[in-house]
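In what follows, a structure is listed as structure tokens, so that the remarks can point back to it.
Chain identifiers are assigned alphabetically (A, B, ...) following the order of the sequence lines, protein sequences preceding nucleic acid strands; residue numbering begins at 1 within each chain.
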2 protein chains.
Amino acid sequence: MSPARTPPGDGGPRVTIRTVAAAAGVSTSTVSRVFSHPHLLRASTVERITALAAELGYVPHHAARALSTGRLGTIGVVVPDIANPFFPPVIRAAQARAADDGVSTLLADTDESAEREADLLRTLSWRTDGVVLVSSRLPDDDVRALAARRHVVLVNRDVDGVTRVLLDTAVGMAQAVDHLADRGHRRLAYVGGPAPSWSDDTRRAAVLARAAERSVDVVDLGAHRPEHDVGLALAPALVASGATAAIAFDDVLAQGVLAGLLAAGVDVPGDVSVVGCDDILAVRTVPPLTTIHGPSDEAGAVAVELLLRLVHREPGTGSAERVVLPAELVVRSTTGPAPRC
Amino acid sequence: MSPARTPPGDGGPRVTIRTVAAAAGVSTSTVSRVFSHPHLLRASTVERITALAAELGYVPHHAARALSTGRLGTIGVVVPDIANPFFPPVIRAAQARAADDGVSTLLADTDESAEREADLLRTLSWRTDGVVLVSSRLPDDDVRALAARRHVVLVNRDVDGVTRVLLDTAVGMAQAVDHLADRGHRRLAYVGGPAPSWSDDTRRAAVLARAAERSVDVVDLGAHRPEHDVGLALAPALVASGATAAIAFDDVLAQGVLAGLLAAGVDVPGDVSVVGCDDILAVRTVPPLTTIHGPSDEAGAVAVELLLRLVHREPGTGSAERVVLPAELVVRSTTGPAPRC
DNA sequence: CTGAAAGCGCTAACAT
DNA sequence: ATGTTAGCGCTTTCAG
């Protein structure tokens with residue numbers, strides 16, 4: 001086990017493909033092939049060179065490879081906010097899927113700012129073969145323009161003409177309405193999320209549609225930033241609305257509402273039922289939150305898969321795919337029968 | 001505004017430094033210098049070439065530059081679990097600090113596995129100039145070995161001989177003990193975190209030390225994975241211990257304990273006070289959690305700063321620094337006077 | 001202040 | 001199944 005060598009401690013000139021070739025008495029191309037297309041070589045050769053390379057402490061030079069192949073072997077994953085618990089599973093799955101193909105991922109956080117997102121994308125374009133844009137805050141046209149110049153896959157954003165992976169929470173929202181209607185609720189409130197957002201639009205629409213079918217009233221409590229405080233502040237309005245159940249845009253908002261309700265002495269689910277979305281908080285609320293769970297990890301993996309396909313396919317090939325993954329209701333303890341009046 | 005061009009839609013050959021040089025009637029070296037050492041050129045030249053380059057849609061080629069300079073312009077940030085809310089602020093600050101120097105960050109998640117961490121570090125070493133290891137799960141010796149071969153800065157891990165940035169929660173822990181002692185608590189419980197961990201060792205030690213000074217009893221409730229469920233399951237033991245207050249290794253554990261206590265009908269802080277650590281949950285618990293807040297973002301930034309210094313300094317220079325940032329108690333609503341017996 | 005030329009380490013035709 | 005030979009796009013001495 002002689003130590004591999006790299007920057008610190010210097011330790012003489014770098015071990016390159018050439019060093020190894022010389023030591024093995026073969027040409028550099030053979031060594032190169034050992035690491036890129038081993039199937040083109042005799043097994044014994046591959047084995048011998050691999051061992052020798054390891055012994056010499058040879059480490060492939062990423063930049064050099066990238067320069068010759070024109071492929072960086074790195075993709076970008078851009079999210080609005082790492083700290084938002086919705087994203088980590090997506091990110092993790094994306095990284096894992098990329099790693100399977102030996103591709104590294106550059107993770108970028110836009111801090112919820114479209115401007116910063118644009119900046120970041122500019123920087124990323126120097127260093128990546130393509131980008132997965134999760135819940136992009138960019139205007140549709142900007143997204144299309146970007147996709148025209150770079151390989152892009154969207155997650156949780158539905159822009160025509162751009163490859164995208166969507167978590168269809170509409171299914172779950174409809175289930176939530178059914179769930180509540182089945183338990184006697186006749187009037188429910190929708191606590192909306194960010195105004196210009198695909199997620200909120202589809203969620204609200206799904207609630208309204210299914211509620212209409214079930215002849216349940218819906219009070220629209222407006223569009224809001226998905227933050228705990230906001231939900232908390234909304235509790236009084238919810239109570240005033242006369243609704244016996246609330247469906248919130250996401251779990252954070254729902255948790256806020258929950259806290260507000262408890263603070264106001266309203267029993268959940270005795271007096272009011274609450275449903276969240278995204279299953280971000282799992283059972284960490286008190287009581288555990290009924291919510292809508294989608295395969296966000298799968299979304300990340302699929303997005304990377306599609307991206308890698310784009311990267312490897314020659315330009316112009318294939319049209320923008322649109323993958324929809326269904327999200328479903330998970331009943332926990334914040335929903336129950338409507339209070340008898 | 002002619003559009004920059006990159007992979008998709010092909011669009012002819014890449015715009016290189018050569019294209020720009022030809023168009024400007026200068027040599028490639030001049031163009032190169034415009035982007036790397038503009039101060040060596042006449043201002044007017046710089047301006048002219050910059051404008052021209054922008055117009056032609058020239059984008060520097062990262063890999064090529066890396067190959068020439070031997071510096072990748074990328075650092076790695078390795079965390080055990082992106083989804084753990086303690087890390088995002090660290091990551092974000094690290095990225096921001098790196099971006100200030102035009103350095104990209106490769107984020108890797110080890111999924112709490114030392115083995116996977118080792119794997120990842122191997123991969124990262126091909127593609128980065130150095131690594132920030134946050135809360136590494138690697139054995140001390142492995143960390144030292146790594147640091148001998150690569151530029152490494154540790155966060156939240158104290159290994160002798162390796163540059164590191166520590167959040168000294170011991171200060172906060174002592175404050176917590178004082179806070180409780182001042183309010184009449186004579187017997188408190190420490191709910192420990194992961195067994196082989198610098199954080200847990202120092203926290204526990206700090207609690208014991210200050211408690212001894214204040215003649216307060218401490219019941220050690222053991223070492224545990226910092227998860228909600230675990231904390232929840234520990235509530236009965238806490239009650240049985242007769243302690244009137246619990247200090248937990250971190251907020252997640254504290255929140256679990258809180259939930260378990262509430263479930264058991266124990267009033268917080270009426271009957272039992274609870275203190276967390278890391279200020280991960282902010283005011284999102286009910287009631288809002290008293291905890292210990294440290295500048296984790298600063299830790300991330302400082303770590304990157306130190307790393308970049310290592311990267312740019314020639315080998316062998318400077319000895320391993322040890323930066324300690326103090327974390328302090330934040331009193332919220334889960335602590336109060338000891339119940340009168 | 002700017003140009004010319006020699007690579008950085010690797011891959012990819014093209015030969016053999 | 002391997003060797004030969006050009007570069008990939010950029011930086012960087014060394015000259016001028």
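Separating the CG atom of L40(A) from the P atom of dA13(C) is a distance of 12 Å, rounded to the nearest angstrom. Rounded to a whole Å, the NE2 atom of H39(B) is 14 Å from the C1' atom of dT11(D). Here dC8(C) presents its C1' atom at 16 Å from CZ of R65(A), a figure rounded to the nearest Å. Between the C1' atom of dT12(D) and the CZ atom of F35(B) lies a distance of 17 Å, rounded to the nearest Å. Rounded to an integer number of Å, the gap from R71(A) CZ to dT11(C) P is 12 Å. Between R18(B) atom CZ and dA6(C) atom C1' the separation is 13 Å, expressed in whole Å. Rounded to an integer number of Å, the gap from L72(A) CG to dC10(C) P is 16 Å. When rounded to the nearest whole Å, the span between CG of L67(B) and C1' of dT11(D) equals 10 Å.
Remark: H62(A) is not in phosphate contact with dC10(C), judged by side-chain N or O atoms under 4.0 Å from OP1 or OP2. Under 4.0 angstrom from either OP1 or OP2 of dT2(D) there lies no side-chain N or O belonging to R33(A). At dG3(D), one or more side-chain N or O atoms of S27(A) fall inside 4.0 Å of OP1 or OP2 (strictly under the cut-off). Listed pair S29(B) / dT12(D) fails the phosphate criterion, with no side-chain N or O lying under 4.0 Å from OP1 or OP2.
When the nearest nucleotides of DNA chain D are assigned to S68(A) and H37(B) by heavy-atom distance, the more 5′-ward of the two goes with S68(A). Between A64(B) and G25(A), the residue anchored nearer the 5' end of DNA chain D, judged by the nucleotide with its closest heavy atom, is G25(A). Each of I17(A) and V26(B) lies near DNA chain C, and the nucleotide nearest V26(B) is the one positioned closer to the 5' end.
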Next on the checklist: One pair to check against side chain to side chain contact (heavy atoms under 4.5 Å, CB included): F86(B) and N156(B). What are the steps and the verdict?
Outcome noted: CA-CA 11 Å; F86(B) 176 75; N156(B) 221 4; 3.7 Å; yes
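The CG atom of L107(B) sits 11.0 Å away from atom CZ of F87(B), with the distance rounded to the nearest 0.5 Å.
For the pair D109(B) and R116(B), the tightest heavy-atom approach, listed with the atom from each and the gap, is O-NE, 3.8 Å. Between T110(A) and P80(A), the closest heavy-atom pair is OG1-CA, 3.2 Å.
Closest to the T30(A) side chain, of the nucleotides dT2(D), dT11(D), dG9(D), is dT2(D). Here the nucleotide nearest the side chain of R42(B), chosen from dG9(C), dG9(D), dC1(C), is dC1(C). In the set dC10(D), dG9(C), dA12(C), the nucleotide with an atom closest to the side chain of H61(A) is dG9(C).
At a cut-off of 3.5 angstrom, counting only N and O atoms as typed in the model, there is no donor on one side facing an acceptor on the other between the side-chain of T69(A) and the base of dA12(C). Taking only distance into account, the side chain of T28(A) never meets the base of dT4(D) through a donor-acceptor pair shorter than 3.5 Å.
In this structure, the side chains of L67(A) and H61(B) come closer than 4.5 Å at one or more pairs of heavy atoms.
In this structure, S32(A) reaches the bases: a heavy-atom distance under 4.0 Å links it to at least one base atom across the strands shown.
Side-chain contact annotation: S104(B) with R127(A), donor-acceptor N/O pair under 3.5 Å present.
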